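Treat the numbers as computed from the prediction; the structure is a model and nothing was measured. If you read the sequence from its start, that first residue is 1, and numbering goes on from there. As the structure lists them, so they are numbered: ligands from 1, and atoms in each ligand from 1. We use all heavy atoms of the structure for the numbers below, so side chains are in, but hydrogens, waters and symmetry mates are not.
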Amino acid sequence: MSSSFKEDYSDDFEVTPWKVEGSVDYARLIKKFGTQEITDELLEKMESFTGELHPLLRNKFFFSHRDLDWILNKYENNEKFYLYTGRGPSGMVHLGHLMPWFLTKHLQDKFDSNLLFQITDDEKFLFGNKTMDEIKKNVYENILDIIAIGFKKSRTKILVNTRHIKNLYSNSLEIAKRITFSTAKSIFGFTNSTNIGMIGFPPLQGVPCFLPSIIEGKPTPVLIPAAIDQDPYWRLTRDIAEKMGFYKPAQIHSKFLPSLQTTGKMSSSDPESALFTTDEPKIIEEKVSNAFTGGQPTTLLQKKLGGNPGICSVFSYLRYLFDAPMESNERELKCRSGNLLCGECKHDLSSHSTAFISMFQERREKAKDLVSDFMYSEDN
Ligand code: TYM
């Protein structure tokens, strides 16, 4: 097992389930984490099942995987897979969180998969300064976002850890018993000052990797769409899966939608860094107008030297969320050649985000009547 992430990345970037800092080198991350790149060949295979490639696969926002080829082969041989994803309710949901959920919905539609959606309220209580009451409010608000994505009601079940603990606990003990402190320390970088709740938490995030096999009464493949920050949890569960008589869970990993302010990812705990699904239009405009770009300090220099879309948060949001591929390539060329000013891109992002978020807010309103339909049954 490799040494802790902190030691690996302390010089330039750091990626853990609780912190993403610096400018992430994704090619290097694949090597360090020991995951696989999503190749064009694998995308072709995916396309042969789905008929069309989801934009987040085509534009390589999802760039890495574990056993995606294996799970597609299983599907080809008539073994259907479950999807599993989740949310740690540290605050309101931002556009970054939606990215893995968009792909999850697409996969649910195309493969007609059951989906387990875990809400780790315990994790966010243990890690951070929020009270349990504050976290509980976030749980409700976040559930509205999850439902607003449009998952199939009949095939989606949301588990909230503190509420569904009796459905999770025995299996979590089976996992916990097979993991030493030394392994957990090396995977998560725990230290002597980490509270012991955090140290004991990871098995709970592991349980839904195996719950489908328990529900179905036979080993059942599971595919987890998430950003790559969650990979440490899967490494832990993959290590012990076969010893417990289950398949190793497969993953498909995304990059991070960046912070609007600097490098690093959008974060719920830093409101200025993110566009939230609950933001009002005026707030969205303000945040976008203050966003970090790859532009030059003056219009004159921008026209002369061009900008750098490679480091521009506004360009990334437009590329991954709103621009069609050709449009994005043209935007890049125009920016680099000095024929596009940051104000124009900010205007485009502001109007696209405002329209999208207001449509999403209507869906959140409608979701209020559906909450109980989406909850995992405690009697299971
Ligand atoms: P959380 O709440 O931090 O994040 C929820 C999901 O969003 C992804 N994510 C992002 N994706 C793109 N750009 C960003 N800026 C960005 N920030 C976060 C995360 O990778 C995640 O997929 N411990 C988890 C909750 C959880 C979970 C799971 C997540 C429980 N079971 C299974 C994924 C799969 C958490 O706190 O996620």
Side-chain angles (χ1 to χ4, degrees), residues 15-21 24 26 29 33 56 61-64 66 82-105 107 115-128 130 135 138-139 141-143 145-146 149 157-162 164 168 172 175 188 198 201-212 222-237 249-270 273-277 313 316-317 319-321 376:
V15 176
T16 78
W18 307 291
K19 189 153 117 193
V20 176
E21 260 179 18
V24 181
Y26 289 104
L29 204 52
F33 280 21
L56 294 175
F61 189 73
F62 278 83
F63 70 107
S64 153
R66 291 181 189 273
Y82 270 58
L83 291 159
Y84 161 39
T85 196
R87 162 73 180 141
S90 54
M92 294 296 141
V93 159
H94 60 56
L95 296 188
H97 299 129
L98 300 186
M99 308 294 272
W101 305 349
F102 287 147
L103 185 72
T104 307
K105 172 177 161 45
L107 295 173
L115 164 65
L116 292 180
F117 205 116
Q118 182 181 43
I119 301 192
T120 51
D121 52 348
D122 45 355
E123 178 191 22
K124 295 301 159 174
F125 173 70
L126 291 164
F127 180 87
K130 297 256 166 21
I135 302 263
N138 295 339
V139 168
E141 293 294 331
N142 292 183
I143 287 175
D145 291 292
I146 294 163
I149 293 282
K157 288 295 161 220
I158 300 173
L159 288 141
V160 180
N161 280 7
T162 56
H164 294 97
L168 301 167
S172 145
I175 299 174
F188 294 100
M198 281 304 292
F201 167 75
L204 276 160
Q205 184 154 328
V207 176
C209 299
F210 305 142
L211 215 44
V222 171
L223 175 63
I224 308 172
I228 196 157
D229 59 337
Q230 300 298 310
D231 186 67
Y233 287 110
W234 320 133
R235 216 168 317 157
L236 197 80
T237 24
Q251 286 95 55
I252 179 159
H253 303 119
S254 78
K255 299 176 183 168
F256 304 105
L257 205 59
S259 160
L260 279 172
Q261 297 291 319
T262 52
T263 54
K265 66 166 183 171
M266 266 193 172
S267 163
S268 297
S269 46
D270 177 6
S273 76
L275 297 178
F276 294 92
T277 59
S313 65
S316 290
Y317 283 53
R319 162 155 280 191
Y320 292 124
L321 274 164
Y376 191 85

field: Pair Gln230-Gln205, side-chain donor/acceptor within less than 3.5 Å
entry: yes

message: Using a 4.0 Å cut-off to any heavy atom of Thr120, which atoms of ligand 1 qualify?
response: 23 (N), 25 (C), 30 (C)

query: Polar-atom distance check: Gln118 versus ligand 1, any N or O pair below 3.5 Å?
result: yes

statement: Residues passing the salt bridge (charged side-chain N to carboxylate O under 4.0 Å, His left out) test with Asp145, sequence neighbours excluded, are Arg364

task: Give the intermediate values and the outcome of ring-ring contact (aromatic ring centres under 6.0 Å, His included) for residues Phe33 and Trp234.
output: CA-CA 11 Å; Phe33 280 21; Trp234 320 133; over 10 Å; no

message: Distance check, rounded to the nearest 0.5 Å: Leu159 atom CG versus Phe117 atom CZ?
response: 11.0 Å

Sub-4.0 Å atoms of ligand 1 with respect to non-hydrogen atoms of Ala226: 22 (O), 33 (C)

query: Any idea which part of Thr85 is under 4.0 Å from ligand 1, heavy-atom wise: side chain, backbone, both or neither?
result: both

field: Test of proximity, Gln230 against ligand 1: N or O pairs below 3.5 Å
entry: yes

field: ligand 1 to Gly86 polar contact by distance, N or O atoms, under 3.5 Å
entry: no

field: ligand 1 to Gly88 polar contact by distance, N or O atoms, under 3.5 Å
entry: yes

- request: Starting at CD of Gln118, measure out to CZ of Arg87 and round the result to the nearest 0.5 Å.
  value: 13.0 Å

- prompt: With under 30° as parallel and over 60° as perpendicular, where do the rings of Phe256 and Tyr26 fit, or are they tilted in between?
  reply: tilted

- request: Classify the ring geometry between His164 and Tyr376 as parallel (under 30°), tilted (30 to 60°) or perpendicular (over 60°).
  value: perpendicular

query: Which of the listed options, Gly206, Gly96, Pro202, holds the heavy atom that is closest to atom 12 (C) of ligand 1?
result: Gly96

query: If you measure from CG on Leu257 to OH on Tyr317, what distance do you get to the nearest 0.5 Å?
result: 4.5 Å

field: Contact partition for Ile224 relative to ligand 1, non-hydrogen atoms under 4.0 Å
entry: side chain

task: Mark up the atoms of ligand 1 that fall under 4.0 Å of a heavy atom belonging to Asp229, in ascending order.
output: 19 (C), 20 (O)

query: Do any nitrogen or oxygen atoms of Glu123 lie less than 3.5 angstrom from nitrogen or oxygen atoms of ligand 1?
result: yes

task: Could you tell me whether Gln205 and ligand 1 have an N or O pair separated by under 3.5 Å?
output: yes

Nearest option to atom 3 (O) of ligand 1, as decided by whichever heavy atom of His253, Lys124, Lys255 sits closest: Lys124

- prompt: Would you call the rings of Trp18 and Tyr233 parallel, tilted or perpendicular, where under 30° means parallel and over 60° means perpendicular?
  reply: perpendicular

query: Does a side-chain heavy-atom distance below 4.5 Å link Met92 with Thr277?
result: no

query: Side chain, backbone, both or neither: which part of Leu257 has a heavy atom under 4.0 Å from ligand 1?
result: both

message: Within the 4.0 Å heavy-atom shell around Trp234, which atoms of ligand 1 are there?
response: 28 (C), 32 (C), 34 (C)

task: Compare all side-chain heavy atoms of Tyr84 with those of Pro249 and state whether any distance is below 4.5 angstrom.
output: no

field: Closest to atom 8 (C) of ligand 1 (judged by heavy-atom distance), picking from Ser273, Pro100, Ala274
entry: Pro100

message: What I want to know is whether Tyr233 and ligand 1 share at least one N or O pair that is separated by under 3.5 angstrom.
response: no

- request: Would you check the N or O atoms of Phe61, main chain and side chain alike, for any that come under 3.5 Å of an N or O of ligand 1?
  value: no

field: Within reach of ligand 1, part of Phe117 (heavy-atom separation under 4.0 Å)
entry: neither

task: Under 4.0 Å from a heavy atom of Arg87: give me the atoms of ligand 1 that qualify, with their elements.
output: 1 (P), 2 (O), 25 (C), 26 (C)

- prompt: With sequence neighbours left out, what residues match Lys255 under salt bridge (charged side-chain N to carboxylate O under 4.0 Å, His left out)?
  reply: none

